[in-house]
Amino acid sequence: KQTALERSIDPASQSMLEKAENDGIETAWDRYEQQLPQCGFGQLGICCRNCNMGPCRIDPFGEGAKNGICGATADIIVARNLLRMIAAGAAAHSDHARDAVLTFKKMSEGKAGSYGIKDEAKLFSLASEYGISEEGKSREEIASELANALLAEFGKQEGPIQYTRRAPEARLRLWSELGIEPRGIDREIVECMHRTHMGVDNDATHILLQGLRTGLSDGWGGSMIATEIQDVLFGTPEPKKSTVNLGVLVRDKVNVIVHGHEPILSEMIVEAAEDPELLKLAKEKGATGINVAGICCTGNETLMRHGTPIAGTFLQQELAVITGAIEAMVVDVQCVMPALGNLTGCYHTKFISTSPKADFPGTVRMEFHEEKAYETAKEIIKTAVENFPNRNFEKVNIPEEKQDCMVGFSAEAILKALGGTPDPLIGAIAGGAVKGIGAVVGCNNVKIRHNYGHVNLVKELIKNNVLVVTTGCNAIACAEAGLLVPEAAALAGDGLKGVCESLGIPPVLHMGSCVDISRILVLASAIANRLGVDISDLPAAGAAPEWMSEKAVSIGAYVVSSGVFTVLGTAPPVLGSQAVAALLTKGLDGVVGASFAVEPDPFKAANLMLEHIEGKRRALGLN
Ligand code: NFS
Ligand code: SF4
């Protein structure tokens, strides 16, 4: 059995893992050990349950079955399984986007009074991208037209999806020549499910091309729409300070965790926690106030826009409950462990599920609807406050660790920090002070020591003068390690250090939640367009050192199809097919000008990225 030290590099998490042990509580790490050894067929991706003649599995040693009952080979089965992962991931991002646009539409029709237009300039610029004229129209009328245009992207039968037009021209041409320009968001996802049905698409390369197209419908479609419309509704993030890690929980306050992904909910919770009536109630119940903290990407959303503290990454969701100091764990969708049901039952914590789409064992249901969003948020906070007297202070142990961080680096904020154009950054890259850009993103995964991959990879990159942009759980991990403060420039190489110091920015820029990887695409396009090159020509590389979710697979698909070489810290379940593995790690280079690598060691992964960046610099005649 692994020790707490072996499970995480983060001292706060280590102490909660020890508390779990003492309290006799099980965590994801224990359940992982119970799963070992994990199924080899599953790991290699060579089992198929797509029809009821199966399940079928291919013998990886070539001694037993080489084909499924229908004749499907390992190549076909692996490719089909991967395509289904991409479809699920793209669906998660895009369905989130759909709900954000539906809220926006209701707001524009006056049916969601709790919401409004926070970023008017962005509303107008998005509308003009769609050719919606402003003349003689109210803001709400423009919003309503924009909502309809965005909703149409989901059901389109023929492309282009509007925001793909933001990509450099060379990229667009390539997608169109390859036939992977996404047509409509829902269409691509549905087609994945059709193609992987028994007896439809049975050519690995052909299947994977649909994977790239579906990924693109996420990155330049669903995810980008989610980001943009959330900015209009809640404001485009600007640099601000906050704090992270389990130490942000407060012993004498009512602690409410918002966990999941959609700011539609968390924005209201943050607001309701400041309601004077509820603050008064909290005092009556013996607390000194109400403290809202985030986990996972909904935490990133409220962090970026309000500076609301974050309690932890994906693998800290259980640890937060184990502090014994959480009155309510409020969740919507994605990355929420069903284990929270049993776990919250061991403490006084109320587990409140809010999405019509997602429920879990042991929850109190408080369904969230735009029409009465603020009322529901108040109801939720009230439930938490009333739960405060049930807290058993003898069971409370809040780790001391918390870290300052500077966040809020939307593409707009980065350009503003640079003085309005990417030129100063391009100059720094051309001059060699900054070698390139590393985009490091993604989850935690029990297969990798918690935050070890994230933190070491990022440190290695900045040490070598690579400016890092980050989102998702990587951003939280970096914040916990103290990398998101301007003072972290001291850990950077001399060139990057100088640039950070002159701009007053950290060497690692927090760009938001996972749908906000779309902000990275926008930034990369701005730089490529300015240079008149394609994204694949830039000295840039991506990584997901501890990824686990299907969303991450979709992200990988669109980042690579957008031309960015990407290193994965855990191998996707494709190694049962040499053909598919070779295509992903080599073949794609000749197709989209970028490919994947798999490297669990963060130091070696950083080297792969650095080598790639050096190669691109040479090709651009820089050095
Ligand atoms: Ni991204 Fe965010 Fe975290 Fe992974 Fe989950 S929270 S959407 S999927 S685990 S980074
Ligand atoms: Fe087996 Fe083919 Fe059915 Fe898959 S689709 S379960 S490989 S028969």
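One-based numbering, in listed order, for ligands and for the atoms of each. Everything quoted here is computed from the prediction, not taken from an experiment.
- With E550 contributing its side chain and I86 its backbone, the two residues share no donor-acceptor pair below 3.5 Å.
- Remark: side-chain polar atoms of D59 are paired, donor with acceptor, to backbone N or O of G64 under 3.5 angstrom.
- N255 places a side-chain N or O within donor-acceptor distance of the main-chain N or O of A325, the cut-off being under 3.5 Å.
- Counting the atoms of ligand 1 from 1 in the order shown, those under 4.0 Å from a heavy atom of F314 are 9 (S).
- No more than 12 heavy atoms of other residues, nucleotides or ligands lie within 6.0 Å of CD in Q578, so this atom counts as exposed by the packing criterion.
- Counting heavy atoms under 4.0 Å from ligand 2, residue R80 touches it through the side chain alone.
- Annotation: atom 7 (S) of ligand 1 to nearest protein heavy atom, H261 NE2, 2.8 Å.
- Checked against E301 for a side chain to side chain contact (heavy atoms under 4.5 Å, CB included), the options S513, C296, P237 give a single hit: S513.
- Using the six-membered ring where Trp is involved, Y452 and F603 have ring planes that are perpendicular, over 60° apart on the 30 and 60° scheme.
- Between the side chains of S13 and Q316, at least one donor-acceptor pair of N or O atoms lies under 3.5 Å.
- For atom 1 (Fe) of ligand 2, protein N, O or S atoms closer than 2.8 Å were enumerated as C56 SG, with waters left out.
- Taking every heavy atom of M548 and a limit of under 4.0 angstrom, the matching atoms of ligand 1 come to 9 (S).
- Against a heavy-atom cut-off of under 4.0 Å, S549 is close to the following atoms of ligand 1: 8 (S).
- Judged by distance alone, the side chain of E599 and the main-chain N or O of D601 form a donor-acceptor pair under 3.5 Å.
- With sequence neighbours excluded, the residues forming a side chain to side chain donor-acceptor pair (under 3.5 Å) with R7 are D30, E33, listed by chain and number.
- For the ligand labelled ligand 1, residue G442 lies inside the 4.0 Å heavy-atom shell.
- At a heavy-atom distance under 4.0 Å, atoms from both the backbone and the side chain of C297 approach ligand 1.
- For atom 5 (Fe) of ligand 1, the nearest non-hydrogen atom of the protein is C335 SG, 2.3 Å.
- For atom 3 (Fe) of ligand 1, the closest non-hydrogen atom of the protein is C473 SG, 2.3 Å.
- Contact atoms of ligand 1 toward C296: 6 (S) (distance under 4.0 Å to a heavy atom of the residue).
- Compare A544, A477, A475, C443 by their heavy atoms: the one nearest to atom 4 (Fe) of ligand 1 is in C443.
- A donor-acceptor pair shorter than 3.5 Å can be found between the side chains of S353 and D359.
- Atom 1 (Ni) of ligand 1 has as its closest protein heavy atom C514 SG, 2.2 Å.
- Side-chain atoms of N451 never come within 3.5 Å of backbone atoms of I9 as a donor-acceptor pair (strictly under, hydrogens ignored).
- At a cut-off of 3.5 Å, with distance as the only test, no side-chain donor of T349 or T344 sits close to an acceptor on the other residue.
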